[in-house]
Amino acid sequence: MPDERHLWSGRFTNAPDEEVFKFQASFRFDRRLFDDDVEGSVAWAEALEAAGVLSTDESRAICSALVAIRERGRADPTFISGADEDIHAFVERQLIERLGDIGRRLHTGRSRNEQVSLDLRLYLRRRLIHLQEALTGLIAALAGRAASAGRTLMPAYTHLRRAQPVLVAHVLLAHAAAFQRDWTRFDLARDEADAMPLGSGAVAGTSYAIDTDALAARLGFSRVVTNSIDAASDRDFVSSTLHAAALTMVHISRLAEDLILFTSEEFGYFELADTVATGSSLMPQKKNPDPLELVRGKSGRVVGHLVGWLMTMKGLPSGYNKDLQEDKEALFDTEESVLGSVRATSAVVGSIELRSDRTESVATGMLLATDVADYLVNRGVPFRRAHEIVGGIVRDLLAEGRDFASLLPEEWQRYDSRFTDDMGKFITGPASVEARRTPQSTNPDAVALALAAVEKWVADRRSDGI
Ligand code: ARG
């Protein structure tokens, strides 16, 4: 009787070194693929039966034992443990313990190289939806805040210097736009994962009459991979997922940074809810935005997973290499980090309180300089000339500690005869946003349409179940 401790023991005279075996084993983390491994194995048993490799009785016995193993694992997650090398070895060991030689037939014509690819594709198919759902929740929270902000104004920034008045809703929807792109990127990663690799064997394909199209359909895949060698080493669907995740974290860290600034004493545009802030152990007055800082921090870790993983893939010889096992820890940690970050940020966004008195009071003054220049342009002054005239006004006003609103009609006239008596009517925050005309602008009607579009987008995703 050969030693069956490992899936591959037959060829070896000596047992593996304990420490080295542990080092290369993946069961500690790939136990997450338990459900997927069982699902793939049930379908493989049926495919072997259809190919005439297993009898109906054998395939039935294997399938019902696999289902029993799955039930046991679902009921008691501690069952999914042991000294096995990986999840594939664990499931097969369980099967053989239950069925003996019949269980030993399941791996006919199949390799762990394609099995792990299948499991990961199945895993992403069921898990990416949750990331997308969480993103939809964040977008809905931003849209909700945008709706309640109405036409309230705040400054928009360039170079972190006050630039022009915009609707608060416009700022919130700017972040939503980035998250909508991230949502689509996860959709594309899901589409990349949607190719069925079984039938690839270890690298050259399988010699049994497996109907791969039927197997793909049975497992809910839209297509079969096109090349067995590529299939053994293709993890582009992992790279794309990590890339979508990294960009999501880049975007979420930027939203976090905006909120950290805007809820600070210096800005005071929003008030952070007590429920999503933390205090200081020493300074009794502090209300810190810890969750937002942590989200900002975690973005580094997720981007690191993408970069580390691409380095792992770079220069790999074709076919399967054990390096590929590194995909899982990067992926699982990324998934947890993104999900936690998106949910925490949604909670923060959903509970911030707008301090419109403060935002409105600073969305004026020198921020209207472009509007003064536009006023002259509309009366025939070349823009570059208008820019210079208004620059001169700004310089004088700054020196005197005044702003446009304090200019008397004769003072306007002194700068340019085309300025009229009713400048105060044109040069206001609300007039400034009204003057914007393009659909992507902060014009209140454009923002209302943009908000309606985002709300519809959210409703459509939710009715689709994502
Ligand atoms: N644990 C392995 C992985 O994650 C499974 C595939 C092992 N294949 C092999 N030939 N050693 O990639």
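Whatever order the structure lists ligands and atoms in, that order sets their numbers, starting from 1.
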Original post:
Is it the side chain, the backbone, both or neither of Gln115 that has a heavy atom closer than 4.0 Å to ligand 1?
Top reply: neither
Original post:
Which of the numbered atoms in ligand 1 are below 4.0 angstrom from a heavy atom of Ser26?
Top reply: 1 (N)
Original post:
In terms of side-chain heavy atoms, does Asp194 have a donor or acceptor partner in Ser222 at a distance below 3.5 Å?
Top reply: yes
**OP:** Could you say whether the N/O atoms of Tyr320 and ligand 1 ever approach to under 3.5 Å?
**Re:** yes
Original post:
Which option, Asp327, Asp86, Asp323, owns the non-hydrogen atom nearest atom 5 (C) of ligand 1?
Top reply: Asp86
Subject >> Element-labelled atoms of ligand 1 that are located less than 4.0 Å from some non-hydrogen atom of Lys328 >> reply: 3 (C), 4 (O), 12 (O)
Original post:
What closest approach, in Å, do Gly73 and Phe34 show between heavy atoms, and which atom pair accounts for it?
Top reply: CA-CE2, 3.7 Å
Original post:
Do Ser200 and Glu114 have side-chain atoms, one donor and one acceptor, less than 3.5 Å apart?
Top reply: no
Subject >> Under 3.5 Å donor-acceptor, Ser240 side chain and Phe237 backbone >> reply: no
Original post:
Can you say whether the rings of Tyr269 and Phe262 are parallel (under 30°), tilted (30 to 60°) or perpendicular (over 60°)?
Top reply: tilted
Original post:
Nearest heavy atom to atom 10 (N) of ligand 1: which of Leu33, Asp30, Asn113 does it belong to?
Top reply: Asn113
Original post:
To which protein heavy atom is atom 2 (C) of ligand 1 closest, and what is the distance rounded to 0.1 Å?
Top reply: Gln325 OE1, 3.3 Å
Original post:
So Phe21 and His6, would you call those rings parallel, tilted or perpendicular, with 30° and 60° as cut-offs?
Top reply: tilted
